[in-house]
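Accompanying notes for the structure given below.
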Amino acid sequence: MYNYQKIEEKWQKYWEKHSELCRADDESHAKKQYILDMFPYPSGHGLHAGHVESYTATDIISRYSRMKGFNVLHPQGWDAFGLPAENYAIKTKTHPSITTKKAIVAFKKQMRMMGFSYDWSREINSSDPSYYKYTQWFFLLLYKNGLAYKKQGKVNWCDSCQTVLANEQAENGTCERCKNPVTQKDLEQWYFKITDFIEDNGQTSGLLSGLDKVDWPESTKTAQKHWIGKSEGSIIKFKIKSLNIDSKFFLEVFTTRVDTIFGCTYVVVAPEHELINNYKLQITNYHEVKKYVEQAKKKTDLQRMAETKEKTGVKLEGVEGINPFNNETIRIFVADYVLAHYGTGAVMAVPAHDQRDFEFAKKYDLPIRKVILPPVLLNIPRNAEEIRTEAECFIADGELTNSGEFSGLTSEQARKKLIERMEKEKIGIKKINYKLRDWLVSRQRYWGAPIPIIYCEKCGEVPVIEKDLPVELPTDVDFMPTGESPLVNSKKFQNVKCPNCGRQARRESDTMDTFVCSSWYYFRFADPKNKKEFTSKEMIKKWLPVDLYVGGAEHTVLHLLYARFFTKVLHNLGHIDFDEPFIKLRHQGTILAEDGRKMSKSLGNVVNPDDVVKQYGADALRLFEMFIGPLEDTKPWNTRGIIGIVRFLERVWKLKLRITNYPEAEQVTNNKIEKLLHQTIKKVSEDIEALKFNTAISALMILVNEIEKQKELPIDNYKLLVILLSPFAPHLAEELWAEFGNKESIFKQSWPKYNSDLIKEEKIILVIQINGKLRDTINVVADISEDEAKKIAFESEKIKKWLEGSEVLKIIFVKRKLVNIVVKD
RNA sequence: GCAGGCGUGGCGGAACUGGUAUACGCGCUAGCCUUAGGAGCUAGUGGAAUAAUCUAUGAGAGUUCAAAUCUCUCCGCCUGCACCA
């Protein structure tokens, strides 16, 4: 039995003393490798199984890369600002800086316990003034370039967190943090102009096209594309008519399906649409309309969504629209199934070819006019005149009918022609629409980076002068939430002179969304102590972009989109010469509890890394989490399974007893083991590079199984095995390495190269098939010729028996693999 | 509904560009050792059959000499987005 507790503690101490072992060297000319974890939010719960999984993966690659001779940057830091810390502070009535500090100490201790090889000399903390000074600098950079602005508008408001939220944080109508329903408020807030970077911007690739050049999971790329939500269509202008008089005003609708324009039997506007107010006097049932609008506005997104089955709306009496293509007069409705913030907030309804319009038309008994026939190819009956059910509502492209001169064209052809005519007659234009809106970054909370803006009665909105950064977060503040930023109440904080005119002014009291802090932290690691710049040009050139980024898939749209935006801004303004921050990205899969459910405190099924390490050791936990399955898969924890890893480590340890160290001349050359060793070097190296740790470990197990079967164990073979194991089980490897009489850390060793001559198999098992079924296997020399192989195949007794009385039609030979004899049945 | 992905023993999972399905590990069975064992060692372990052999990668079809792998249809599961016109 090896005493993992003693050994692990011993080497953790050693590594702490010899921090140069994992230091990223600014001076070195060796090829760099920037391997990054998503810096954690230091919560009071400590590391969980998921942290251990991704951090172990990057640790293995970092140790491996260093041994390969790369200059590795593998840093760690703290995403320390944020609502949870503040909420926790409110609950415990302790200042968030104190609880955060405590949590960081605990996290670091656990990371040390796991044997992670971070370069701690580069540790950063986003809540430290020396860090958020540059978060504020970034705000000013954006501000000065017209990319940060304030505007009044509808925003998502979380009543429980007492703050506004970005769209990305209000998914499904609930707050991303506390899961409470989000309501809409009309407020003036700060935004970043992320929409300027959807498409290519000068030399800078856009958020869409940039995705084509990075090595990211396909699902993440499509999720981002989906979030950006590009759709190509057109805006069509409907003239408005009231009291039988044509008005000068137009109602603009956005559609991707101009080809269905002749099927438009009414139009619908969102409850927030300006038309309602502008035509207040003309709308004869204004009271009814107003009542509906007010009800709709009161509903949260969640409530609106809960009603998706039942569409509601009110007809605007007294006003009508005119379809510019056929001059037909049509009804106008207000309904909350139309969203104010998408497109123009108004749609042309084509009930025959849109499910939502169909539902609405059915309910209010509106005309349904079929204008698209399914393509002949699809073999769908084309003549059913009436559309009675949703299923008959054909929503795909097809062939136009009932569409005047456009009848007979395909949807695609028709769109082209219709847009041409529209633009010629100035009744509409081609238009690209996006779902992505600008990023709302201000928060009415305390625990965040203050927005560096000053309001002066005379000069208005004035940016803080760069040399006055950081605008420090006051500590003498009551941080209980009131809906207004707690900073409003800090006299010390508010007492400021206008940088322009010197008059008494007041500071912006909102803080920034924490996602702003995490949008640029990967730059800071390259130059964490810089007091003059966020990172020097030189260090950016040296270390960035990030070569490998590993983290949870929950950041698919939020953090990863924002970080890309920041990088693109820097590129666009000439600060850096790359426009994508993360070359290769991978997500670790969720580790479920043993019962197959998510680990959660309330279910009481959480596996605490501390307990596992105590019972089995850190090396065992590292190996186990890597062994249970592919990194990116969701996989359940298995307490029994870890026993297998413990046994494996014990067996490696016990190999010590079998070392046979004879003089060179007498050394028995053990071909089998030698070959397997080199095959294992190849396999483990390739697997680490492909992040296939589970199969790398299984290759090591196969090697150990084989070594155990041998009588002799030359020390060199053992050494090689231990080196191969070292990135996975660093503590055990160091200990054995020392026992071999080495004075230096094993991580000073260079990674072994395999001998490609040695791993070639000179004998293979040739598979003999008859009609594709395995009938015999024969041991032959690997590069056996086709003729020879066929000859041997037919000499086999088994094959002879199988072939009795059959007529051979064909013989397939696959080099180094098989002979397949095809016979007539 | 849309998008992305998945479906292989009792369980976690292997299987490179189609070429011996079930590597490795857990569990299980038998034996050895032991006062004892949640320890160690040895052997076995997809299913059916005494065996030869047959049969198995969610279901069904197709392409192929050969399919877990490629194509189509269906079923089931997971993840993300979701009244986005």
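Quick note on labels: first sequence line is chain A, next is B, and so on, each numbered from 1.
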Six-ring centre of A:Y434, A:K230 cation under 6.0 angstrom, axis tolerance 45°:
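No.
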N-O pairing of [X] and [Y] below 4.0 Å:
X      : Y      : answer
A:R415 : A:E412 : no
A:K363 : A:E310 : yes
A:R257 : A:D397 : yes

Which whole number of Å gives the distance between the [atom1] atom of [N] and that of [M]?
N     : M     : atom1 : answer
B:G27 : B:C11 : C1'   : 7 Å
B:U35 : B:G46 : C1'   : 39 Å
B:G9  : B:A23 : P     : 13 Å
B:G19 : B:G38 : C1'   : 43 Å
B:C65 : B:G18 : C1'   : 12 Å
B:C78 : B:C83 : C1'   : 25 Å
B:G37 : B:A43 : P     : 22 Å
B:G25 : B:U20 : C1'   : 22 Å

Is the A:Y337-A:F360 ring centre distance short of 6.0 angstrom?
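Ring centroids of A:Y337 and A:F360 are less than 6.0 Å from each other.
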Which pairs of donor and acceptor atoms, one on a side chain in residues 626-637 of chain A, lie under 3.5 Å apart (sequence neighbours left out)?
| from | atom 1 | to | atom 2 | distance (Å) |
| --- | --- | --- | --- | --- |
| A:E632 | OE2 | A:R586 | NE | 3.4 |
| A:K635 | NZ | A:E53 | OE2 | 2.5 |
| A:K635 | NZ | A:P630 | O | 3.0 |
| A:K635 | NZ | A:L631 | O | 3.2 |
| A:K635 | NZ | A:D633 | O | 2.7 |
| A:W637 | NE1 | A:T639 | OG1 | 3.3 |

Using a heavy-atom cut-off of 4.0 Å across all strands, would you classify [X] as base, sugar-phosphate, or nothing?
X      : result
A:P630 : sugar-phosphate
A:K692 : sugar-phosphate
A:V347 : base
A:N820 : base
A:L818 : base
A:D633 : nothing
A:I812 : base
A:I765 : base
A:N705 : sugar-phosphate
A:E686 : nothing
A:T556 : nothing

With nearest nucleotide decided by heavy atoms, which residue, A:G629 or A:K435, maps closer to the 5′ end of RNA chain B?
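The residue mapped nearer the 5' terminus is A:G629.
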Using heavy-atom distances to pick each residue's nearest nucleotide on RNA chain B, tell me which of A:T220 and A:G772 is more 5'.
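Of the two residues, A:T220 wins.
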Interatomic distance where CG belongs to A:L649 and P belongs to B:A39 [whole Å]:
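From A:L649 CG to B:A39 P: 16 Å.
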Need the pair for [N]. Rule: Watson-Crick or G-U wobble, both distances under 3.5 Å, any strand; none if unpaired.
N     : value
B:C54 : B:G47
B:U17 : none
B:A23 : none
B:G31 : B:C41
B:G62 : B:C70
B:C77 : B:G5
B:A82 : none

To the nearest 0.5 Å, what is the distance between [atom1] ([X]) and [atom2] ([Y])?
X      : Y      : atom1 : atom2 : value
A:K154 : A:R437 : NZ    : CZ    : 11.5 Å
A:L251 : A:I236 : CG    : CD1   : 11.0 Å
A:E252 : A:M348 : CD    : CE    : 14.5 Å

Decide, for B:G9, between syn and anti: a glycosidic angle within 90° of 0 counts as syn, anything else as anti.
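B:G9: syn glycosidic orientation.
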Sub-3.5 Å pairs of nitrogen or oxygen atoms, protein against nucleotides 52-54 of chain B:
| from | atom 1 | to | atom 2 | distance (Å) |
| --- | --- | --- | --- | --- |
| B:C54 | OP1 | A:R775 | NH2 | 3.4 |
| B:C54 | OP2 | A:R775 | NH1 | 3.3 |

Would you please classify the geometry between the A:Y342 ring and the A:F254 ring as parallel, tilted or perpendicular, with 30° and 60° separating the classes?
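If you compare the ring of A:F254 with that of A:Y342, the planes turn out perpendicular.
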With no angle test and no hydrogens, is the base of B:G40 tied to the side chain of A:E650 by a donor-acceptor pair under 3.5 Å?
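Under the 3.5 Å cut-off, the side chain and the base do not form any donor-acceptor pair.
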From B:C24, B:G4, B:C83, nucleotide with atom closest to A:S219 side chain:
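Of B:C24, B:G4, B:C83, B:G4 is nearest to the side chain of A:S219.
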Out of B:G27, B:A15, B:C16, which nucleotide sits closest to the side chain of A:R647?
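For A:R647, the side-chain atoms sit closest to B:G27.
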